[in-house]
Each structure stands twice: as structure tokens, then as C-alpha cells.
Amino acid sequence: MNLEQIKALDDRYHMNVYSRQPVAFVRGEGARLWDTDGKEYLDFLAGIAVMSVGHSHPKVVEAIRAQSGTLTHVSNLFYTEPQAVLAERLHDLLGWGKVFFSNSGAEANECALKLARRWARARGSADKSGVVVALGSFHGRTFTTLAATGQPHKHEPFAPLPAWFTYVALNDEEALDVAVDDGTTAVMLEVVQGEGGVRLATPEYLTAARKFCEERGSALIFDEVQTGLGRTGKWFAFQHYDVAPDIVTLAKALGGGLPIGACIARDEVADAFKPGDHATTFGGGPVPCSAALAVLDVIESEGLVARAAEAGEQLMEQLSRATSGSNAVKEIRGLGLLIAVELNGDWAGDIVGKALEKGLVVNNVTPNAVRLAPPLIVTDDEIARAVEIVAGILSEYGGTS
Ligand SMILES: Cc1ncc(COP(=O)(O)O)c(C=O)c1O
């Protein structure tokens, strides 16, 4: 099918919830994609920070092929080896914890919020129900994770939402001090707000969150759905800071493109869940778990955590240099290979369209910020090419000083 045919079907038969770009992809390899016309693209979005080991990595492809040809699904009424081994692997990466596998980031966060409530009850705190989150955050699209998302304009069409969330400005320790009280079950934060425009929490803010949680008996949840598994140049973004959570959530990169999320909690927190408290039919199935094990193997064997740190610095530095005379750019910020170019106007949508025409995939994470999140296997040449395209487009905006 060509793009027009696919688009006609989608327009008629798929719910109109996505503002899609006028491109249909048919193939991917490494950091490259091809569309229905055979046009090649450099993928600096990686399916929104998912394809960290690149498209069609042979080890991930083989793991999926082998597992799906052996055992695809039996439900969580039974044990399967890939799930048990992946749980151990995530425990070992963190150095602590027990895991619940979900199918998505939102579901991993649902699990974290239910677990925090259950942990409070297990400690006899019947009155704890509140959750404190940051403005600008993104935690998912289910009713509860939408409520947890600190973006009021996303709430409005669906009100009323669960009402037990308190929103505080990111990096405002005083506001956090006021918001976290004895009724607070959990504080849930992104170490770097991805969908919010790649905004970094300060060390002081995270340290304050840890302290208030300890003082007031709340669980500290870090949502590392976007930042986890090497993207920021550490296995977990919180490892850039001297602060560790009680619960961490993962998804995106974990399955190498297959849907899997994980909620990992310290043993004493995890043990608050009893059989029947939480469940999923598909979560942690043998195929996504086998894919995830292959993804973790590739990240380790190809040194991709260190590569993300190095490539991220390179990309930031080259972007800054190439746009240094531009009045279009307000700020370039990020951590590892999660980077935003903030603009002096709402041009991000236009710029993304122009980049696509030139064969570069990026996205307008906010109206005035373009996000770059390439696979961690991105090469020096690919970085140089992406910078050239972005800088070329930006030169058309804002005039030059
Ligand atoms: C930090 C964060 N949490 C949660 C989610 C929701 O994940 P999913 O779309 O897999 O439900 C996202 C998705 O962008 C995210 O970036």
C-alpha cells in the first residue's frame, strides 16, 4: 500500500487521537527508517525513546523469533523462565527490589500508585491517600495516570479525575515541603521530564523529596519510563544524583519495541502486595521478556550506557556550536541522549515537518521545543548529519545576531 491508501484507511477506521506526520514507515535498521516510497530517514526519535538498541537489532530479532516459535503466552497463572530471569536481571541492575511486569508505562505507574497505597495500609496508615506530583510531568493516559500528569489542559476534557493528586512546581522545594504531609502516600517524579520538554530536576529538589518522604512516611516513586535503561548516560537517570527511590517504573526501551513495562519496588514495599492485589493477562509474557533480556544483553555488550553519555555530550556540543549565532534558539538542554532544543517561538511543529522532508525524524515535544532522542547506537556520522539538518532549518528562523 502507498501512503495515501494507508492514510485513507486510518482516517476512516482508526480513532482520531493522533496528530500523525504524513509518513508511513515500512522498515527500520539501526538508526535508519524507510517509508512507503523507499525514502531513507535518520531516526532521532527512536519511536519516542523506545528503540535504544536500534531498529531490527539481530539479537533482539532472534530472541523474539526463537521465543515466539517456542511459547508465546500462558498467562500469569503459571511460571515462565524469561519472566523470572528478567525480574532477577532488573533486580541486579538496581541492586534491590522485586518486579511486577506490565504492558506499558502508564500501567507500570498504575502499579506503583496502587502499591504505594497498599504499603501505607500495610503499615496501618488508613488515612494516607494523597500523591504529590510535579507540574509539567507526564505519567500516562489512564484516568489515574492522567490525573498524575501535571498538565491541567490534558485533564479538562475528562474531568472529574481522581482527586487525590497535589501538583507542585518542578524544582520548588518549599512547595514540596508544604504539599507532602502525613496524608501523602507517595511523591511521584520524573528525574528528567521527557514529555514536559526535557526539563531536569535539580539535585536539591530530589534530595528534598527523599527527605520529606522519609520524614512523613511516604513512598518516593521515580518514573523512569522514558529515562531508564541507559538513555541519559546511566542505567537509571536517578544515578546521576545521590538519591534513590523506593519504587521505580520502566517501559519504553525495555522491550526493544515490544510492549512491556516494569514496576520495581524495594522488598519491604513490594511485599505489601498479596496475591489478588494486582494482575495482568499479558504483562511479562515470554516473548516481551525474551526481547527485554536481549535488549539488556545488547546494552551491556555494546557498552551503550557509556555511549549514550558520550554521544549525548557530542550532540549537545555540536548543536550548540552549529546554532550559536541563531536567535531562534532559547536553550539546548538534556541529559545523555534525551535532548531538547527550546525555541524563541512556537515553531517546533514546522521544524519537525521540514526535518522530515530532509530525512530526519525528530518531534515537537512542546510547541516551542524539538526533542532529539536517537537510538543509543547512533554513530558520530549520524550525529553530524542530524546537526547539519537541524542547524540548516533553524537558520530560517529568528534571524541571526
Ligand atoms: C515518563 C513517562 N511516564 C509514562 C509514560 C506513559 O507510557 P505509555 O505510553 O507506555 O503508557 C510516558 C510516555 O511517554 C512517559 O514518558
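In listed order, ligands and their atoms are each counted from 1. Source: prediction; values computed, not measured.
Interface of Asn109 with ligand 1, defined as ligand atoms under 4.0 Å from a residue heavy atom, comprises 3 (N), 4 (C). Atoms of ligand 1 lying under 4.0 Å from any heavy atom of Phe138, numbered from 1 in the order shown and given with element: 1 (C), 2 (C), 3 (N), 5 (C), 6 (C), 12 (C), 13 (C), 14 (O), 15 (C). Residue-ligand proximity, Ser104 to ligand 1, at heavy-atom distances under 4.0 Å covers atoms 10 (O), 11 (O). Below 4.0 Å from some heavy atom of Glu195 lie the following atoms of ligand 1, by number and element: 14 (O), 16 (O). The atoms of ligand 1 that sit less than 4.0 Å from any heavy atom of Val225 are 2 (C), 3 (N), 4 (C), 5 (C), 7 (O), 12 (C), 15 (C). The atoms of ligand 1 that sit less than 4.0 Å from any heavy atom of Glu190 are 1 (C).
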### Task
For ring-ring contact (aromatic ring centres under 6.0 Å, His included), just list the numbers for His55 and Phe25, CA-CA rounded to whole Å, side-chain angles, deciding distance to a tenth of an Å, and then say yes or no.
CA-CA 12 Å; His55 296 277; Phe25 289 117; 8.2 Å; no
### Stepwise side-chain contact (heavy atoms from CB on, under 4.5 Å) test for Val191 and His240
CA-CA 9 Å; Val191 176; His240 289 279; over 6 Å; no
### Task
May I have the step-by-step check of salt bridge (Lys or Arg N to Asp or Glu O under 4.0 Å) for Arg27 and Glu29, ending in yes or no?
CA-CA 7 Å; Arg27 190 163 74 83; Glu29 190 184 315; 3.7 Å; yes
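When the options Ala49, Ala106, Gly196 are ranked by their closest heavy atom to atom 11 (O) of ligand 1, first place goes to Ala106.
Remark: aromatic rings of His155 and Phe143 are distant, center separation not under 6.0 Å.
For atom 9 (O) of ligand 1, no protein heavy-atom neighbour is found at a distance under 4.0 Å.
Using bins of under 30°, 30° to 60° and over 60° for the plane-to-plane angle, the ring pair Phe238/Phe236 lands in the parallel bin.
Under 4.0 Å from ligand 1, not a single heavy atom of Thr145 appears. Residue Ala251 does not touch ligand 1, judged by heavy-atom distances below 4.0 Å.
Without hydrogens or angle criteria, Lys39 side chain to Thr36 main chain gives no donor-acceptor distance under 3.5 Å.
Geometrically, Arg117 engages Trp164 in a cation-pi contact defined by less than 6.0 Å to the ring centre and at most 45° from the axis. Figure legend: Arg32 and Trp34 shown without cation-pi pairing, the cationic atom not lying both under 6.0 angstrom from the six-membered ring centre and within 45 degrees of its axis.
In this structure, Glu224 falls outside the shell of residues with a heavy atom less than 4.0 angstrom from ligand 1. At least one heavy atom of Asp223 sits less than 4.0 Å from an atom of ligand 1.
Among all protein heavy atoms, the one lying closest to atom 16 (O) of ligand 1 is Gln226 NE2, 2.8 Å. Closest protein heavy atom to atom 7 (O) of ligand 1: Gly105 CA, 3.3 Å.
Not a single N or O atom of His139, backbone or side chain, sits closer than 3.5 Å to an N or O atom of ligand 1.
The local environment of CD in Glu313 is sparse, with at most 12 non-hydrogen atoms from other residues, nucleotides or ligands closer than 6.0 Å.
Looking at Thr166 and Val131, their side chains never come closer than 4.5 Å, going by heavy atoms from C-beta outward.
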